[in-house]
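Take a look at the structure below.
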Amino acid sequence: MSKRYLITSALPYANGALHLGHLAGAYLPADIYVRYLRLLGKDVVWVCGSDEHGAAITIRAKKEGISPQKIIDKYHELAKSTFERLGISFDYYHRTSAPLHHETSQDFFLKLYKKGGELEEREIGQYYDPEYDQFLADRFIVGTCPKCGHEEAYGDQCENCGSDLSPLELINPRSTLSGKAPQLKSTKHWYFKLDKHEAWLREWIATGTVDGEQQHDPKTWKRHVVGQCLSWLDGGLQPRSITRDLDWGIPVPLPEAKGKVLYVWFDAPIGYISSTRKWAEENGKDWELYWKDKDTTLIHFIGKDNIVFHCIVFPAMLKAYGEFNLPKNVPANQFLNFEGQKFSKSRGWGIEQHEYLEEFKDFPNKEDALRYALIRNMPENKDADFKWDEFTDFHDKELADNLGNFVNRVIVLTNKYYDGVVPATSQGLRAALAPVREIARKITGELDAFSFRSAVLALMELSSWGNTYLQDVSPWKLYKEDPDSQAVKDCMFISLQVVALLSLLAEPFIPFTAPKIRKLLNLPELQNGSLQEALDKLEAGQPLLPSGHKAGEPELLFAKIVDRKDDSRLQIVNRQKEKLQKVLETEKGEEREPIKPTIQYEDFAKLDLRTGAITAAESIPKADKLLKLTVSLGSEQRTVVAGIAKYFKPEELPGQPVVLVANLAPRKLRGIESQGMILMAENEKGELAFVSPKQGWGNGFIVR
RNA sequence: GGCGCGGUAGCUCAGCUGGUUAGAGCGCAUGAUUCAUAAUCAUGAGGUCGGCGGUUCAAGCCCGCCUCGCGCUACCA
C-alpha cells in the first residue's frame, strides 16, 4: 500500500472551451478516483492547470488582433470555474504562464543541459522575418504548395491538399507577419535525445521493470495503452526538438538562446510539477515527497491522444532528469462521441461543459445527472457515445427509481413508523450485512482497478439490494398486523445502515447528491477517511447509524425527467435534441459552398471536356485513395489516376461512362502518368458521384 | 500500405492466464406487490460470441486469412 498519491489530469489547452468528451476522458475519472482515495483517508494530491503556450495561441491572437494573454486568461478562467461548478475537485489548478512554472521548466531544461548526453544542439535553416525581427514558426509562413499549387499553403501543411510540408518546400514563401518574403537564416535548436531511452522504456512498458526493479504490473495497464506504446517503440524513437524561435513561451535559459523558447510539449507536462510545487507552497507541504519518494504512487489521467506522450516522452524526461518517480499507471480513456458523431465545434455538434451548465441551469441535480450519464458510458476501453435518451434513462431509471426511491422508501417508513428514530435491533449485524459488505468490496475493487463503469453499476447494486430486501421482508405488511413487530424494526435498522453506506460510497460518483443523503440521515458531512472508518465498522459488525439516532425528514433526491406532472425537465432535454436536429437539417438543406468569381466564356472554352467510358480499373499499391483507370475516348485510350478508391471498387468500374478533362496537363501521381481528370460531384459527406452521360451514349464527344 | 485497439443478446457493454448450461444494465413478455418519485420485486423469451480455416480432449478467449469501425503512421488527392 502506497503512503501517498500524486494524481494528474491532462492540462487543457487554453485556446478553447472543453466539451463533454474532455470531461469523460481525463477529469471525471480522476475526480472519482481522487475522491475515493480521500474518503479512504489517503494522502493524495490531484493537480492540473491550463496549458498556455504554443504557436496556436499566438496565431489566434494575431488573427483576432488581441494579445495572447487575453486568450489564455479567458480560457483559463472558463476552464477553472467550469470544473469547479461540476464538482471536479482538483487540489490545485495552476497555469503554465505562471512565474513558478517558468522557473521549474527552466530548471528542468538546465538540469538536462548540464548533465550532458541528454540534449544535443543542431543548426537548421529556418525562415526569418527581418521586419519583425523574428524567426517564423511553421504556421507563420504561407506560400504555394509544391504538390497542388495552392497559393495559401501553411509551412507545416497545405489545407487544400492535406500534404504535410516543411516551410523550406514552399514556393514563394511569405511571412504572415509582414506579408513579405522571409530570409532563410541558420538557427540553433536543442533536441532531447529520446532515442537513447528506447531500451529501458520498452522493458518498462512490456514488463513494468526498470533497472531490475518491478515498478508496476503491466497487466493492470489498459491493453490499448500498452499496445500503442509498444507499437510506437517498434517504430524507433527519434531525438525531439524542444526549442522554438518564438516570443511566446518560456525563454530558453542559456545566454546564446536569445529569442528562443521551450517548445510547448516540453514545458506542458512539467506543468504537473509546477502545479504540485504551487500547491505545496500554499499548503506548507514538501512537493518533492510527492514526486520523488518511493512510497508515492503517480497516476496520469489522460485521453488516448496523449498516450505516447505520457507513457514514453514524459517518463523519458523524468528518468533523464533523475530522482523522479515514473507513473504507476496511465489509465487513458478513449474518445466520447456525441449522438453517433464526433464532437465538432464548427458544426455545432456536441455540447461544451459550460454550455451544459448554462442550458441546464433550471435542472435540479444537473451536475450529478451529467456525471452519472458520463460514468455509465465512459469510454474506458473503446470509444463510447453520449445520447440524450440514455442520459434520460440513466437519470430516471437508475438515479431516481433505483437509488433515489430506495432512500426515500427507507426515510419515509422510518418517519412513519418510528418518528424518524433508528429502532433497536436484535439482529446480528455481521451476518445480516454480509451481502452488503460484499457489494461494497466490489465497488472499491473496481475503483482500485480504474473500472469506473463497473464501479458505478456496483453502486446501483447496493440500492438494488436494498429494494429487494425491503420487498422480501415487506415491513408494511408486518406492521399492519403488529406495529411493534421486531421484524419490522430489524428490517428498518438494516435498511438504514445501507442508506448510510450509500451516502459514503456514492460520493465519488455523485458528490452533489451524497451530502443530501447525509442530510436525510442527519449525519455529519463527509471528511477524509470517512469511508475507511465506515468499512472498518461494518467489518467489525458495528452500525453506521446506531439505534436511537434521529434521522431527518424525507425529501426527494431526484426529480424525474419523464414526469407526468411536470415536463419542465423533459423540455430542457428535448431542446438539446432539437438543436441537433437543426444542425442536421441545415447541413442537408440549402447550405452550399459559395459560387466562385465570375469567369469569361474564353476561360471556359479553354477546357476540352469529352465523354468517355472506363474500360479498366486497378488499385495502386501503397495508396489508399487512388485508382488507376483506363478511359476510352473512342479514338484513343487515356490512363487516369483518380482519388476515388474510398468510394469505388475497381471491379465495379469498367463500363462506367465519364466526362474527362482531356486537355489537362499530364502529371505523375505515384509514378503513373495521369492524362486527364474525371469530373466527379462531391456532397457534404464527401461522397463522390460520376458526372456523365448515360450508359452507351458514345465516347470522345465534346461537352460544352 | 504498416501498426495498435475493437466488432459478444434489440440497444450499451463485462467476460481473468482456453475448461461444465456465455453474463450485466436498459428494452420486451408474464406474474406479484403498494411503504415509495405510475416507483419496487419475481420469472421468462432473446446470442451460429464479425466471417472462413486451423491448433487442442476442450476456443468468445490461441494461430492464419478475410471483413467492418476507431486511432496512430506512411503515401496521396
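Just so we're on the same page: letters track the sequence lines, and every chain starts at 1. Computed from a prediction, not measured in an experiment: that's the story for all the values here.
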**Prompt:** Is A:Lys550 paired with A:Asp419 through a side-chain N to carboxylate O contact shorter than 4.0 Å?
**Reply:** no
Choosing from [options], which nucleotide comes nearest the side chain of [X]?
X        : options                : value
A:Lys477 : B:rU33, B:rC41, B:rA36 : B:rU33
A:Thr468 : B:rG4, B:rA42, B:rC13  : B:rA42
A:Trp476 : B:rC3, B:rG27, B:rU34  : B:rU34
A:Lys416 : B:rC35, B:rU40, B:rG25 : B:rC35
A:Asp383 : B:rA14, B:rC35, B:rC70 : B:rC70
A:Arg223 : B:rC35, B:rU37, B:rC5  : B:rC5
A:Lys304 : B:rG71, B:rG7, B:rU40  : B:rG71
A:Asp393 : B:rC11, B:rC35, B:rC26 : B:rC26
A:Lys342 : B:rC70, B:rU37, B:rA14 : B:rC70
A:Asn405 : B:rC13, B:rA39, B:rG71 : B:rA39

**Prompt:** Phosphate oxygens OP1/OP2 of B:rA39: is one of them under 4.0 Å from a side-chain N or O of A:Lys397?
**Reply:** no
Check: [X]/[Y] side-chain N/O donor and acceptor closer than 3.5 Å:
X        : Y        : result
A:Asn377 : A:Asp385 : no
A:Lys222 : A:Asn329 : no
A:Gln334 : A:Lys382 : no

Write down the distance separating the [atom1] atoms in [N] and [M], rounded off to the nearest Å.
N      : M      : atom1 : answer
B:rG53 : B:rC11 : P     : 26 Å
B:rC66 : B:rC3  : P     : 11 Å
B:rU8  : B:rC70 : P     : 15 Å
B:rC16 : B:rG60 : C1'   : 14 Å
B:rU21 : B:rC63 : P     : 24 Å
B:rG15 : B:rG23 : P     : 15 Å
B:rU12 : B:rG64 : C1'   : 32 Å
B:rG46 : B:rG54 : P     : 30 Å

When we call it a touch if two heavy atoms are under 4.0 Å apart, what does [X] touch: a base, just sugar-phosphate, or nothing?
X        : result
A:Lys560 : base
A:Ser464 : sugar-phosphate
A:Leu557 : base
A:Phe558 : base

So that I know where these two stand, are [X] and [Y] an aromatic pair - ring centroids less than 6.0 Å apart?
X        : Y        : result
A:Trp388 : A:Phe391 : yes
A:Phe192 : A:His197 : yes
A:Phe509 : A:Tyr372 : no

Using both distances under 3.5 Å as the test, list the Watson-Crick or G-U wobble partner of [N], or none.
N      : answer
B:rG44 : B:rC28
B:rC62 : B:rG54
B:rG23 : B:rC13
B:rG1  : B:rU73
B:rA36 : none

Rounded to the nearest Å, what distance is computed from the [atom1] atom of residue [X] to the [atom2] atom of nucleotide [N]?
X        : N      : atom1 : atom2 : answer
A:Asn467 : B:rU33 : CG    : C1'   : 13 Å
A:Glu446 : B:rG15 : CD    : C1'   : 12 Å
A:Asp472 : B:rC35 : CG    : P     : 17 Å
A:Lys387 : B:rC26 : NZ    : C1'   : 12 Å
A:Asn381 : B:rC13 : CG    : C1'   : 10 Å
A:Tyr479 : B:rA36 : OH    : P     : 13 Å
A:Lys480 : B:rU34 : NZ    : P     : 6 Å
A:Asp396 : B:rA39 : CG    : P     : 9 Å

**Request:** Tell me which of A:Phe335 and A:Asp401 sits closer to the 5' end of RNA chain B, going by the nucleotide each one is nearest to.
**Result:** A:Asp401
**Prompt:** In terms of ring plane angle, is the pair A:Phe363 and A:Phe360 parallel, tilted or perpendicular, where the classes change at 30° and 60°?
**Reply:** tilted
**Message:** Checking understanding here: a glycosidic angle within 90° of 0 is syn, the rest anti, so what is B:rG7?
**Reply:** anti
